Amino acid sequence: TRSSRPQRMLAHVKRHAARGDPQSVIDAIDYFCRHKEWAMNVGDEKGTILDSVVCEVSPGAVLELGTYCGYSTMRIARLLAPGARLITLEFNPANAAVARQVIAWAGLEHKVQLVEGSSGDLIPQMREKFGIDSFDLVFLDHWKDWYLPDTRLMEELGLLHKGSVLLADNVICPGAPEYLAYVRSSPRYDSRYFKSHLEYTYVEDGLEKSVFPGASAGSRP
Ligand SMILES: Oc1cc(-c2ccc(F)cc2)cc2nccnc12
Ligand SMILES: [Mg+2]
């Protein structure tokens with residue numbers, strides 16, 4: 001049967017990127033998506049914003065919702081300090097299989113834990129299964145309808161601490177209106193929009209960065 005786009009992307013990485021060199025893997029994927037086949041990686045333009053937020057937060061524990069082929073997983077993992085951990089959740093087993101190979105080609109598998117399944121099922125297991133107490137940074141890049149319910153779930157489970165940062169992709173295209181309304185209106189978040197473009201296109205899109213000021217904020221004094 002015909003190969004999938006993620007499989008063709010992986011083949012391109014193996015042909016053009018150097019093992020153990022994350023930047024060359026990132027560059028190969030960007031080349032593939034810009035010149036051969038578009039794919040829904042966060043991309044180089046929004047990726048630069050992601051990089052700057054990761055460096056600013058310098059997180060010890062990161063959760064990524066939506067791995068896809070591992071592009072943003074690598075962008076985050078390559079910037080993590082020794083001992084820092086990135087857990088990435090992917091719903092689609094075929095995509096997860098490709099992502100594992102991409103992450104391994106970059107030599108970043110020791111910094112990343114890729115877990116297959118739905119975020120709604122896995123988020124409640126973070127403590128017991130992965131020994132995570134709370135996340136310093138969460139990158140939301142899965143199905144837009146799940147941004148808000150998953151955020152509420154993380155709040156309720158106490159997985160966000162004072163200063164935890166939520167960074168959400170695609171808040172304009174495809175769009176996450178309910179999520180945006182929530183983080184921008186709730187006294188519980190300081191939210192800021194980073195205007196950019198949909199990966200590899202001139203269509204507007206952007207990232208929303210929302211800092212969780214702490215569970216007490218917004219509740220009655
Ligand atoms: O970055 C993204 C872009 C798109 C997407 C698809 C088709 C279009 F026409 C426009 C945008 C979907 C995404 N789904 C999940 C996570 N990230 C996505
Ligand atoms: Mg995206």
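Predicted model, so just to flag it, every value in this text is computed and none were measured. All ligand and atom numbering here is 1-based and tracks the order in the structure.
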Between [Y] and [X], do the side chains contain a donor N or O and an acceptor N or O under 3.5 Å apart?
{"X": "His161", "Y": "Asp136", "result": "yes"}
{"X": "Asp30", "Y": "Tyr200", "result": "yes"}
{"X": "Gln23", "Y": "Asp27", "result": "yes"}
{"X": "Asp150", "Y": "Ser119", "result": "yes"}

Legend entry - Cation-aromatic face contact Arg184/Tyr179, 6.0 Å, 45 degrees: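 Checked: cation-pi criterion not met.
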
Inset, instruction - Considering only Ile, Leu, Val, Met, Phe, Trp and Tyr, and joining two whenever side-chain heavy atoms are under 4.5 Å apart, list the other residues clustered with Tyr31. - result: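 Direct or chained contacts put Tyr31 with none.
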
Inset, instruction - With sequence neighbours excluded, tell me which residues meet salt bridge (charged side-chain N to carboxylate O under 4.0 Å, His left out) with Arg100. - result: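 Expected list: Glu116.
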
Legend entry - Check: Tyr68 ring centre within less than 6.0 Å of His142 ring centre: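 No - the distance between ring centres of Tyr68 and His142 does not fall below the 6.0 Å cut-off.
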
Inset, instruction - Would you please write out the protein residues whose heavy atoms approach any atom of ligand 1 to under 4.0 angstrom, listed by chain and number? - result: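 Lining ligand 1: Trp38, Met40, Asp141, His142, Trp143, Lys144, Asp169, Asn170, Cys173, Pro174, Leu198, Glu199.
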
Inset, instruction - Tally every protein N/O/S atom whose distance to the Mg ion (ligand 2) is less than 2.8 Å; waters are neither shown nor counted. - result: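 Those protein atoms number 3 in total.
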
Inset, instruction - Using a strict 4.0 Å threshold on nitrogen-to-oxygen distance, state whether Lys209 and Glu56 make a salt bridge. - result: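 The answer is yes: the pair qualifies as a salt bridge.
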
